[in-house]
Undergrad: 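Quick one: structure below, then a few questions.
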2 protein chains.
Amino acid sequence: MLSKKTKYGLKALTYLAAQKDKQPVQIAEISKKENISQKFLESILLSLRKTGILGSKKGKGGGYYLIKEPKEILMTDVMRILEGPIALVPCVSLNFYEKCEDCPDEKTCSVNKLMLKVRDANLAVYRNNTLADLVST
Amino acid sequence: MLSKKTKYGLKALTYLAAQKDKQPVQIAEISKKENISQKFLESILLSLRKTGILGSKKGKGGGYYLIKEPKEILMTDVMRILEGPIALVPCVSLNFYEKCEDCPDEKTCSVNKLMLKVRDANLAVYRNNTLADLVST
DNA sequence: AATTACCCTATCTATTTAATAGAGTAAACA
DNA sequence: TGTTTACTCTATTAAATAGATAGGGTAATT
């Protein structure tokens with residue numbers, strides 16, 4: 001199941017991408033328009049800023065804005081920041097690889113075998129989609 | 001993240017599929033060989049039996065066995081039983097559809113848009129893989 | 001009839017998710 | 001320069017879920 005964090009994050013990013021100008025948008029505005037708890041949204045936008053997806057401006061007229069063009073923002077990056085590893089088990093993860101402690105041999109492990117295919121399929125989707133693809137035209 | 005329930009279930013099914021004869025295999029044997037808590041495994045195998053994947057035999061010489069040939073057992077069915085809906089959000093689920101309460105319009109929802117593609121990609125994998133594909137040769 | 005192994009219910013703990021509160025800090029503008 | 005505005009951080013809490021465990025009950029073989 002997709003976490004609300006990811007859901008909210010995607011909606012917020014899409015909202016920012018749909019802006020005509022590149023003026024900062026206040027958290028309160030996004031939270032209101034997209035039905036998201038403001039405080040929760042704060043932490044989500046913060047993590048997107050710290051990982052280089054968003055920029056922020058303080059003071060009057062401040063808010064959050066996209067650093068790059070929507071079509072330059074890959075879903076692989078967004079999903080890894082918001083949802084964590086794309087792989088469903090650590091032993092098939094590209095960026096967060098870990099050996100399973102209970103599994104004697106990855107080569108013959110059926111879970112590993114299936115999840116490798118699942119990872120590749122998901123990766124293909126996330127690599128072929130950018131934030132621009134999520135904005136309704 | 002894949003639940004341990006699914007992980008254990010897949011390993012148990014693979015273990016059964018790898019049997020030469022079709023004699024029932026005891027829970028204790030699978031639990032020992034695959035490093036799975038026996039009680040937890042009991043409940044997993046039970047749900048697989050109730051959904052028509054496994055058969056069971058009681059008494060001496062009893063245990064669990066596959067009802068169909070491994071290549072007839074689709075991963076779509078197995079995953080739905082063990083892990084639940086394949087879709088990451090209910091609004092794109094084929095078998096468990098539900099409207100999102102916080103989303104005004106699915107047609108313009110960016111989350112819906114992305115998750116639809118993710119669902120299709122995952123579905124393709126699960127439809128093209130059977131239990132036979134998980135057994136190491 | 002006794003054994004074996006499935007079957008069911010209930011409980012418990014740890015972890016994670018989601019939401020909330022409150023205080024602090026930095027930048028913009030008058 | 002000071003006030004406003006809005007971002008930033010820490011901590012707390014409630015709810016849900018996962019995972020594991022215990023113990024007893026029941027049905028089918030031999």
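Computed over heavy atoms, backbone and side chain alike; hydrogens, waters and symmetry mates excluded. Within every chain, numbering begins at 1; the chains are lettered A, B, ... in the order of the sequence lines, protein sequences first and strands thereafter.
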Undergrad: With respect to the phosphate group of dA20(D), does any side-chain polar atom (N or O) of K4(B) fall under 4.0 Å of OP1 or OP2?
TA: yes
Undergrad: Take atom CG of L41(B) and atom C1' of dT21(D), then tell me their distance rounded to the nearest Å.
TA: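 My rounded result for the distance is 14 Å.
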Undergrad: Side chain of S37(A) only, please: which of dC9(D), dC7(D), dT20(C) is the nearest?
TA: dT20(C)
Undergrad: Please compare L2(A) and R49(B) by the position of their nearest nucleotide in DNA chain C and report the one closer to 5'.
TA: R49(B)
Undergrad: Quick one: is Y8(B) getting a side-chain N or O under 4.0 Å of the dA18(D) phosphate, OP1 or OP2?
TA: no
Undergrad: Output the single nucleotide from dA19(C), dC6(C), dA20(D) whose closest atom is nearest the side chain of K58(B).
TA: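 The answer is dC6(C).
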Undergrad: Which part of the nucleic acid, if any, lies within reach of L45(A) when heavy atoms closer than 4.0 Å are counted: base, sugar-phosphate only, or nothing?
TA: nothing
Undergrad: When you measure from the side chain of D133(A) to the backbone N and O of T130(A), does any donor-acceptor pair fall under 3.5 Å?
TA: yes
Undergrad: Would you say a side-chain N or O of K50(A) is under 4.0 Å from OP1 or OP2 of dC9(D)?
TA: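 The answer is yes; a side-chain N or O of K50(A) sits under 4.0 Å from OP1 or OP2.
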Undergrad: Tell me whether S31(A) contacts the main-chain N or O of I36(A) through its side chain, where contact means a donor paired with an acceptor under 3.5 Å.
TA: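 Side chain of S31(A) to backbone of I36(A): a pair is present.
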Undergrad: Going by distance alone, is a donor N or O of one side chain under 3.5 Å from an acceptor N or O of the other, for E98(A) and S93(A)?
TA: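 There is no such pair (donor and acceptor under 3.5 Å, judged by atom type) between the side chains of E98(A) and S93(A).
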Undergrad: With respect to the phosphate group of dC6(C), does any side-chain polar atom (N or O) of Y65(B) fall under 4.0 Å of OP1 or OP2?
TA: no
Undergrad: Which one, dT21(D), dC7(C), dC7(D), comes nearest to the side chain of F40(B)?
TA: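 For F40(B), the side-chain atoms sit closest to dT21(D).
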Undergrad: Using a 6.0 Å cut-off, check whether atom NZ of K107(A) has over 12 heavy atoms from anything other than its own residue.
TA: no
Undergrad: May I have the distance from K57(A) (atom NZ) to dC7(D) (atom P), rounded to whole angstrom?
TA: 12 Å
Undergrad: Return yes if a side-chain donor-acceptor contact under 3.5 Å exists between Y65(B) and Q19(B), otherwise no.
TA: no
Undergrad: Check whether any side-chain nitrogen or oxygen of S43(B) sits under 4.0 Å from OP1 or OP2 of dC8(C), and answer yes or no.
TA: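 For dC8(C), neither OP1 nor OP2 has a side-chain N or O of S43(B) closer than 4.0 Å.
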Undergrad: What is the distance from CD1 of I44(A) to C1' of dT17(C), rounded to the nearest Å?
TA: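 It is 11 Å, rounded to the nearest whole Å.
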Undergrad: Side chain of K39(A): nearest nucleotide among dT30(D), dC8(C), dT8(D)?
TA: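 It is dT8(D).
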Undergrad: Any side-chain N or O of S56(A) under 4.0 Å from OP1/OP2 of dA6(D)?
TA: no
Undergrad: Closest approach to the side chain of S3(B), judged atom by atom: which nucleotide of dC7(C), dA5(C), dG19(D) is it?
TA: dG19(D)
Undergrad: Donor-acceptor pair under 3.5 Å: do we get one between E42(B)'s side chain and the base of dC7(C)?
TA: yes
